[in-house]
Amino acid sequence: KSFSKEDIAFAAQEILEEVLLSFLMKHLDEQKENSVNICLAGGCFANVKLNHEIFSLPATKNIYVFPQMGDGGNALGGALNVAISKTSKTHFDLPTVYLGPEYSDDQILSELKKNNLNFQILNPKNKAQIVSEQIAKGEIVGWFQGRMEYGPRALGARSILADASDIETIKRLNEKLQRNDFMPFAPVTIDTWAEKCFVGWAPDHVASKFMTTCYCCTDFLREKCPAILHIDNTARPQVITRDDNPEYFDVIKLYIEKTGNPAIINTSFNFHEEPIVMNPFDAIKCFRDKNVTVLVVGNFLVS
């Protein structure tokens, strides 16, 4: 008998969950319900469905997935090891993962001029308002701001932002990014709306800050934002607070106020199977290759 690639993928997922959950249950069987915090790292835990199943175990109180769960995590692990050996500190906070390079407006302007692009200079005071209007209008926005994210997830520094209320957005994005139809898109929302969107979400769910778990979606989110649903009625959200990233937060908040839709699509700023853009040159190349309709790079808007 022959099996489809979908059958094989489903079987691999089932086996992964069966093996890891049975291993965990051996250690959790004696624990009280809702009593254990579980820390996860390693490439398997890029799998948000697996993480959701671990989160759903009776003994689990909360999960933390290291935001660079793959081999790239070794870089920070090595740095922490040295820091611990040279100081008395054994605890280090990682409130966000904006640890990569950033570029000044002068550097960005130089690259825009080199490429002969027409641009509008944005006043930082009304930039969020303008960008939220662009998303509400149906533009696909390349959002390039501040220090790049550490890890595999785009978290609002090198992101593509788009309206999630129209199911047609999926088709448009897949064509522009050269993605396969079965690959889902993820939502981003702000902390004050997350409970209305994701079943069981709570403010201490740190994994949701880094897009490392999924949730069942509420009827409200399903109705308002159909473009971010997985086939099993889950979604892999990023939930942000204003302290995490004020400008990004304001874009989403203003969009929600304008439209009544509680989330937008946040996907990585790149073509499928290419790395996330890092510098202004990369962002401009993606814009010129038409994977976004509007580019907001630093305090410049290119359309």
Side-chain angles (χ1 to χ4, degrees), residues 98 100-149 152-166 168-179 185-188 227-228 238 240 245-255 258-259 263-303:
Y98 304 117
E102 66 181 323
Y103 300 87
S104 68
D105 276 354
D106 285 345
Q107 288 172 299
I108 293 165
L109 181 59
S110 166
E111 205 62 54
L112 290 171
K113 286 180 173 174
K114 227 184 278 181
N115 282 270
N116 297 314
L117 290 171
N118 293 320
F119 55 84
Q120 173 187 345
I121 300 173
L122 298 174
N123 181 333
K125 288 181 181 172
N126 58 17
K127 180 162 76 172
Q129 182 72 49
I130 290 166
V131 176
S132 68
E133 286 166 5
Q134 296 285 324
I135 297 166
K137 236 166 52 174
E139 299 289 359
I140 294 169
V141 177
W143 175 254
F144 180 106
Q145 303 292 321
R147 295 183 68 173
M148 186 179 180
E149 305 91 338
R153 305 278 192 251
L155 297 170
R158 305 290 186 272
S159 287
I160 291 174
L161 308 178
D163 181 80
S165 67
D166 185 355
E168 283 299 303
T169 306
I170 296 173
K171 188 179 171 191
R172 289 177 66 212
L173 280 166
N174 280 336
E175 284 171 359
K176 285 190 169 294
L177 305 181
Q178 299 164 12
R179 286 167 49 115
F185 289 101
V188 57
I228 53 75
Q238 180 192 11
I240 67 161
N245 188 328
E247 207 163 51
Y248 182 44
F249 179 96
D250 287 347
V251 168
I252 300 156
K253 181 173 182 283
L254 289 165
Y255 168 87
K258 183 182 302 296
T259 64
I264 61 174
I265 288 171
N266 165 26
T267 194
S268 56
F269 194 172
N270 56 281
F271 283 105
H272 179 48
E273 294 187 340
E274 288 189 3
I276 299 175
V277 303
M278 182 176 76
N279 55 42
F281 172 84
D282 296 337
I284 288 166
K285 182 179 185 304
C286 275
F287 172 75
R288 297 194 77 146
D289 291 342
K290 301 186 176 175
N291 84 339
V292 295
T293 61
V294 169
L295 174 63
V296 182
V297 50
N299 288 315
F300 303 94
L301 185 146
V302 191
S303 59

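Below, all heavy atoms of this structure are taken into account, side chains as well, without hydrogens, waters or symmetry copies.
Atom CZ of F119 has more than 12 heavy atoms from other residues, nucleotides or ligands within 6.0 Å. Sparse packing is recorded around CG of N118, with 12 or fewer heavy atoms of other residues, nucleotides or ligands lying under 6.0 Å away. Taking a 6.0 Å sphere around NZ of K171, one finds it holds 12 or fewer heavy atoms contributed by other residues, nucleotides or ligands.
Atom CD in Q120 sits 5.5 Å away from atom CG in L301 (nearest 0.5 Å). A distance of 11.5 Å separates CD1 in I264 from OG1 in T169, rounded to the nearest 0.5 Å. Atom CG of D282 is separated from atom CD of E274 by 9.5 Å, given to the nearest 0.5 angstrom. Considering CD1 of I135 and OG1 of T259, their distance stands at 9.5 Å, rounded to 0.5 Å. Rounding to the nearest 0.5 angstrom, the gap separating the CD atom in E102 from the CD atom in Q107 is 9.5 Å. The OH atom of Y98 lies 12.5 Å from the CE atom of M148; values are rounded to the nearest 0.5 Å.
Of the options I252, V292, N266, I265, a side chain to side chain contact (heavy atoms under 4.5 Å, CB included) to L161 is made by N266 and by none of the others. The side chain to side chain contact (heavy atoms under 4.5 Å, CB included) test with Q134 is passed by exactly one of D163, V141, V251: V141.
Two residues are said to be in side-chain contact when any heavy atoms from C-beta on lie closer than 4.5 Å; L177 and I160 meet this criterion. Between L173 and R179, the closest side-chain pair of non-hydrogen atoms is not below 4.5 Å. No side-chain heavy atom of L295 sits less than 4.5 Å from a side-chain heavy atom of F300. Under the 4.5 Å side-chain criterion, counting only non-hydrogen atoms from C-beta, F287 is not in contact with V297. Between Q145 and V131, the closest side-chain pair of non-hydrogen atoms is not below 4.5 Å. Contact check for F185 versus N174: side-chain heavy atoms found under the 4.5 Å cut-off. Side-chain contact check for N270 versus P275: every heavy-atom pair is 4.5 Å or farther apart.
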Requested in this report: Evaluate the criterion side chain to side chain contact (heavy atoms under 4.5 Å, CB included) for residue pair K290 and E175; output intermediate values, then yes/no.
Outcome: CA-CA 10 Å; K290 301 186 176 175; E175 284 171 359; over 6 Å; no

- E247/V296 under side chain to side chain contact (heavy atoms under 4.5 Å, CB included): CA gap, chis, key distance, verdict: CA-CA 12 Å; E247 207 163 51; V296 182; over 6 Å; no

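Contact record, F271 with K176: CE2-O, 3.1 Å, taken as the closest heavy-atom pair. Minimum interatomic distance between A157 and R147 (heavy atoms only, all atoms of both residues): CB-O, 3.2 Å. Shown here for Q238 and L155, the closest heavy-atom pair between the two residues is NE2-O, 3.1 Å.
Here the side chain of S132 pairs a donor or acceptor atom with the backbone of A128 at under 3.5 angstrom.
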